[in-house]
Colleague: 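After the C-alpha cells below, expect a handful of questions from me.
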There are 2 protein chains.
Amino acid sequence: MPRRHNQKSAPSQVDVARAAGVSTQTVSRVISGQSNVRPETARRVLAAVEELGYRVHAAAASLASGRTRILGVIVVSTARYSTSAITVGIEAVATEEGYSVTTASVADHATRDSFFDAFDRLERQGAEGVILLAPFSFLDPGMDTRIERTPTVLMHRLTGGVGTESVVDQSAIARLATEHLLSLGHRTVWHVSGDDYWLESRVRRETWEQVLIEHGVTPPPVIPADWTPESGYRAGRTIAAIPDATAVFVASDEMAFGVIRALHEAGRTVPDDVSVVSVDDIALAAYAAPALTTVRQPFEAVGRAAASRIIDMIEEREPTPVEPIHPELIVRASTAPPA
Amino acid sequence: MPRRHNQKSAPSQVDVARAAGVSTQTVSRVISGQSNVRPETARRVLAAVEELGYRVHAAAASLASGRTRILGVIVVSTARYSTSAITVGIEAVATEEGYSVTTASVADHATRDSFFDAFDRLERQGAEGVILLAPFSFLDPGMDTRIERTPTVLMHRLTGGVGTESVVDQSAIARLATEHLLSLGHRTVWHVSGDDYWLESRVRRETWEQVLIEHGVTPPPVIPADWTPESGYRAGRTIAAIPDATAVFVASDEMAFGVIRALHEAGRTVPDDVSVVSVDDIALAAYAAPALTTVRQPFEAVGRAAASRIIDMIEEREPTPVEPIHPELIVRASTAPPA
DNA sequence: TTGTAGGCGTTATCAT
DNA sequence: ATGATAACGCCTACAA
C-alpha cells in the first residue's frame with residue numbers, strides 16, 4: 001500500500017510553524033494571504049515555507065474548508081477539434097481563478113448511465129461545478145437531482161431546468177450558413193448533418209429546415225452523416241448523384257473535406273457546380289481545395305465563457321458579463337452563385 | 001464563503017453506520033469491498049448507502065489514506081490533434097484503473113518556470129504521478145527534484161534521469177518517412193520541420209539528417225516551420241522556388257496541407273513534380289488532394305501506454321508489458337518516384 | 001466478523 | 001496580531 005512516492009514526510013504546517021516560532025494558525029493566515037498578520041511575522045513564516053519547501057496539502061485543506069476548487073468537465077472521448085479547443089479556454093480561466101480541472105470522459109454514443117457515472121465520479125472527486133462538453137439534455141430524468149446539488153453548465157442551448165446555463169447558439173450558425181447560400185441565388189440548399197447523437201446536429205438541421213421554409217422552399221431530405229470525413233465522403237457521393245443539387249450546407253469542416261472529395265471524383269466542381277459551406281473554421285479549412293467557406297465558432301471564447309459562468313455559479317456571485325459570442329461567416333472559395 | 005452548493009449535509013459514514021446499525025469501520029469495509037464482512041451485514045450497509053445516497057468524500061479518504069488516485073497531465077494549450085488523441089488513451093486507462101485525471105496546461109512556448117508551476121499545481125492537488133504531454137527534458141535543472149518525489153512519464157524518447165520513462169520513438173518516424181522517399185528513387189529529401197520548441201521536431205530533423213548521411217547524401221538546409229498549416233504554406237513557397245526539389249518530408253500532416261497548397265499554386269504538381277510525406281495520419285489525411293502518404297502515430301495507444309506506465313510506477317509494481325508501439329507508413333497518393 | 005481509538009493536515013471559531 | 005482548540009470524514013491499527 002504505497003503512500004505518496006518517496007514523500008516520506010512532506011513538511012506540514014506544524015513544521016513550518018515550529019520553524020518560524022508561530023502557531024499553525026498564523027502559518028495558515030500567511031499562506032492564504034490574510035492581512036491581519038504583522039509583516040515581520042509573515043516574513044519569518046514565508047522564509048520557513050521556502051526553507052522547508054512547504055506546500056499546502058489540498059486534501060487536508062478541502063476537508064477542513066469544505067471547498068475543493070475543482071471544476072469537472074465531462075467530454076466525449078473522440079479527438080474532435082472543437083472539444084480540445086474549448087478545453088483550452090476552460091483551462092485558461094480555471095487557472096486564472098485558482099481552480100483545477102478534472103476530466104471525466106465517456107465513450108462516443110455513450111448511454112445516459114455512462115454520463116451519470118461520469119458525473120458521479122466528478123462529484124465524488126469533489127468537483128464544485130461541472131461543464132458538460134457533451135450532448136446531453138437537462139430534461140433527462142436523473143439529471144435534475146444532480147444539477148440541483150452541483151452547478152452545471154451545458155454547451156448547448158436548449159430548454160433548461162433549474163440553474164442550467166448554456167453558451168453557444170447553434171441555431172445562428174445554421175442560419176448564417178443557409179442564408180449565405182440562398183443569398184448567392186441558389187434555389188435550395190441540401191444538408192449533410194452531423195451525428196444525431198449530438199444535440200447541435202439536430203439544432204442545425206432544424207434551423208436549416210426552418211430557414212428554407214421561411215424562404216418559401218420545401219426542404220429536401222437530409223443527408224445523414226456522423227462528423228467523420230468518411231461519412232462526408234459518402235454523403236458527397238449521394239449529392240453527386242443529384243443532378244440539380246447546387247448548394248450544400250455541411251455540418252462540419254471535416255465532413256466538408258469528404259464531401260468535396262466525392263464531388264470532385266464524380267466530376268462536379270466546387271464551387272462552380274456545387275457550393276459548399278460548412279461549420280467550425282478549423283485550422284485546415286483555409287487549406288482545403290478549394291478553401292472552405294465556413295461559419296467560425298469561437299471555441300476558445302466559448303470555453304472561457306463556460307468556465308466563467310460555472311465559477312460564478314459556484315461562488316454565488318453575479319454572472320460576469322461576457323462579450324456575446326457570435327458565430328461568424330468566413331467566406332472563402334467553396335461557395336459561389338449558381339452557374 | 002460558499003461550501004458545496006446546496007449540499008448542506010452530504011451523508012457521511014457516521015450516518016450510514018447509524019442507519020445500518022454498525023460501526024463506521026464496517027461501512028468503510030463494505031464500501032471498499034473487503035471480504036471479511038458477513039453478507040447480511042454488507043447488505044444492510046449497502047441498503048443504507050443507497051437510501052441515504054452516501055458517497056465517499058474523496059478529500060477525507062485521501063487525507064486518511066495518503067492516497068489520492070489522481071493522475072496529473074501537463075499539456076500545452078494548443079488544440080493539436082495529437083494531444084487530444086493521446087488524452088483519450090490516458091483517460092481510458094485511468095478510468096479503468098480507478099484513477100481520475102487532472103490537467104494543467106501551459107501556454108505554447110511557455111518557459112521552464114511555467115512548466116514547474118504546472119507541475120507544482122498538480123502536486124499540490126495531490127497528483128500521484130505526472131504525464132508530461134509537452135516538450136520537456138528531464139535534464140532540465142529543477143526537474144530532477146520533482147521527478148524524484150513524483151513519478152513522471154515523458155512522451156519523448158530522450159536521455160533520461162532517474163525513474164524517467166518515455167513512450168514514442170520519434171526517430172523511427174523520421175526514418176520511415178525519409179527512407180520511403182529515398183527508396184522511391186529521389187536523390188535527396190528536403191525537410192519542413194515543426195516548431196523547435198517541441199522536442200520531436202529536433203529528433204525528427206536529426207534523424208532525417210542522419211538517414212540522408214547514411215545514404216551518402218548531404219542534407220540540404222532545413223526549412224523551418226511551426227506545425228501550423230500557414231507555416232507549411234510558407235515553407236511550400238520556399239520549396240517551390242527550388243527547381244530540383246522532388247521530395248519533401250514534412251513533420252506533420254497539417255503542415256503538409258499548407259505545403260501542397262503552395263506547391264500547386266506555384267504550378268508544381270504533387271506527386272508528379274514533388275513527393276510529400278508527412279506525419280500523424282490525422283483523420284483528414286486521406287482527404288487531402290492528393291491523399292497524404294504519412295507515418296501514422298498510434299496516439300491512443302501511446303496515451304494508454306503512458307497511463308499504464310505511470311500507474312505501474314505509482315503502485316510500484318512490475319511494468320505491465322505493453323505491445324511495442326510502432327509507427328506505420330501509410331502510403332497514399334502524395335508520393336511517387338521522381339519524374 | 002466487528003468495533004474502538006487515534007490521527008491524517010488544514011481551517012474556523014473563539015479567546016486573548 | 002496571534003494562539004488554542006475543535007472539527008472536517010475517513011482509514012489504519014489494534015482489540016475484542
Side-chain angles (χ1 to χ4, degrees), chain A residues 1-4 7-46 48-49 52-70 98 123-126 128, chain B residues 1-4 7-46 48-49 52-69 123-126 128:
Chain A
M1 43 224 61
R3 298 217 148 203
R4 288 232 224 141
Q7 219 152 337
K8 309 184 184 300
S9 55
S12 76
Q13 268 189 4
V14 177
D15 301 315
V16 176
R18 191 166 26 218
V22 298
S23 72
T24 63
Q25 191 41 235
T26 299
V27 176
S28 175
R29 278 193 271 257
V30 172
I31 296 296
S32 60
Q34 289 178 45
S35 54
N36 50 345
V37 177
R38 198 151 28 110
E40 160 57 16
T41 311
R43 207 158 15 229
R44 274 209 330 274
V45 171
L46 259 11
V49 165
L52 300 176
Y54 166 80
R55 283 174 313 184
V56 302
H57 185 112
S62 77
L63 180 56
S65 70
R67 299 238 20 215
T68 60
R69 302 188 79 83
I70 291 177
E123 281 187 328
R124 185 158 14 91
Q125 248 289 307
E128 298 189 79
Chain B
M1 44 222 62
R3 298 216 146 204
R4 290 232 223 138
Q7 217 154 337
K8 309 184 185 298
S9 55
S12 75
Q13 269 189 3
V14 176
D15 301 314
V16 176
R18 191 166 28 218
V22 297
S23 72
T24 61
Q25 191 38 235
T26 300
V27 176
S28 174
R29 280 193 271 256
V30 173
I31 295 295
S32 60
Q34 290 178 44
S35 53
N36 51 346
V37 177
R38 198 151 28 109
E40 161 56 16
T41 311
R43 207 161 12 232
R44 276 211 326 276
V45 170
L46 258 10
V49 165
L52 300 177
Y54 167 79
R55 284 175 311 185
V56 301
H57 185 111
S62 76
L63 180 56
S65 70
R67 300 240 17 216
T68 59
R69 302 188 79 83
E123 282 186 327
R124 186 159 12 92
Q125 247 289 308
E128 299 188 74

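In this text, all values refer to a predicted model and were calculated from it rather than measured experimentally. FYI, side chains are in, hydrogens and waters are out, and symmetry mates aren't considered; it's all heavy atoms of this structure.
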Colleague: Nearest 0.5 Å, please: how far is CG in Leu46(B) from OG1 in Thr41(B)?
Modeller: 11.5 Å
Colleague: Nearest to the side chain of Leu63(A) - dT2(D), dC8(D), dT10(C)?
Modeller: dC8(D)
Colleague: Would you indicate which nucleotide in dT2(D), dT10(C), dC10(D) comes nearest to any side-chain atom of Gln13(B)?
Modeller: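 Taking heavy atoms from C-beta onward, the closest nucleotide is dC10(D).
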Colleague: May I ask you to say what Thr41(A) touches in the nucleic acid, namely base, sugar-phosphate or nothing, with a heavy-atom cut-off under 4.0 Å?
Modeller: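 Here Thr41(A) touches the backbone only, sparing every base.
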Colleague: For the side chain of His57(B), counting heavy atoms from C-beta on, which of dG9(D), dT11(C), dC11(D) is nearest?
Modeller: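 Between dG9(D), dT11(C), dC11(D), the one nearest the side chain of His57(B) would be dG9(D).
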Colleague: Which parts of residues 14-32 of chain A get close to DNA chain C, meaning a heavy atom less than 4.0 angstrom away?
Modeller: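 Under 4.0 Å from DNA chain C: Gln25(A), Ser28(A).
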Colleague: So, using salt bridge (charged side-chain N to carboxylate O under 4.0 Å, His left out) as the criterion, who are the partners of Arg69(A) when residues are at least two apart?
Modeller: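 Arg69(A) satisfies salt bridge (charged side-chain N to carboxylate O under 4.0 Å, His left out) with Glu315(A) only.
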Colleague: How long is the gap from CD on Gln13(A) to CD on Gln25(A), to the nearest 0.5 Å?
Modeller: 7.5 Å
Colleague: Could I get the full list of side chain to side chain contact (heavy atoms under 4.5 Å, CB included) partners for Arg18(B), not counting sequence neighbours?
Modeller: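 Per chain and number, Arg18(B) pairs via side chain to side chain contact (heavy atoms under 4.5 Å, CB included) with Val14(B), Asp15(B).
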Colleague: Please enumerate all residues that pass salt bridge (charged side-chain N to carboxylate O under 4.0 Å, His left out) together with Arg44(B), with sequence neighbours excluded.
Modeller: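 Partners of Arg44(B) under the salt bridge (charged side-chain N to carboxylate O under 4.0 Å, His left out) test: Glu40(B).
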Colleague: Where the side chain of Gln125(B) meets the backbone of Ala58(A), is there a donor-acceptor pair that is under 3.5 Å apart?
Modeller: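 Between the backbone of Ala58(A) and the side chain of Gln125(B) there is no qualifying donor-acceptor contact (under 3.5 Å).
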Colleague: Taking all non-hydrogen atoms of both residues into account, name the closest pair between Ala60(A) and Leu63(B) and its distance.
Modeller: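 Heavy atoms of Ala60(A) and Leu63(B) come nearest at CB-CD1, 3.7 Å.
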Colleague: Whole angstroms only, please: what is the CZ-C1' distance between Arg43(A) and dA1(D)?
Modeller: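 Arg43(A) atom CZ is separated from dA1(D) atom C1' by 15 Å.
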Colleague: Please report, rounded to the nearest Å, how far the P atom of dT10(C) is from the CZ atom of Arg124(B).
Modeller: 12 Å
Colleague: Between dT10(C) atom C1' and Gln125(B) atom CD, what is the distance in whole Å?
Modeller: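 The answer, rounded to whole Å, is 15 Å.
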Colleague: Could you check whether any side-chain N or O of Thr68(A) sits under 3.5 Å from a backbone N or O of Gly126(A), counting only pairs where one atom can act as donor and the other as acceptor?
Modeller: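 A pair under 3.5 Å: yes.
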Colleague: Checking Ser32(B) now: which residues fulfil side chain to side chain contact (heavy atoms under 4.5 Å, CB included) with it, not counting sequence neighbours?
Modeller: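 For Ser32(B) the side chain to side chain contact (heavy atoms under 4.5 Å, CB included) partners, ignoring immediate neighbours, are Gln34(B).
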Colleague: At what angle, to 10 degrees, do the two end axes of the helix from dT1(C)-dA16(D) to dT16(C)-dA1(D) meet, given five pairs define each axis?
Modeller: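 If I round to tens, the end axes sit 30° apart.
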Colleague: Expressed as a whole number of angstroms, how long is the span from Asn36(B):CG to dT1(C):P?
Modeller: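 That distance rounds to 6 Å.
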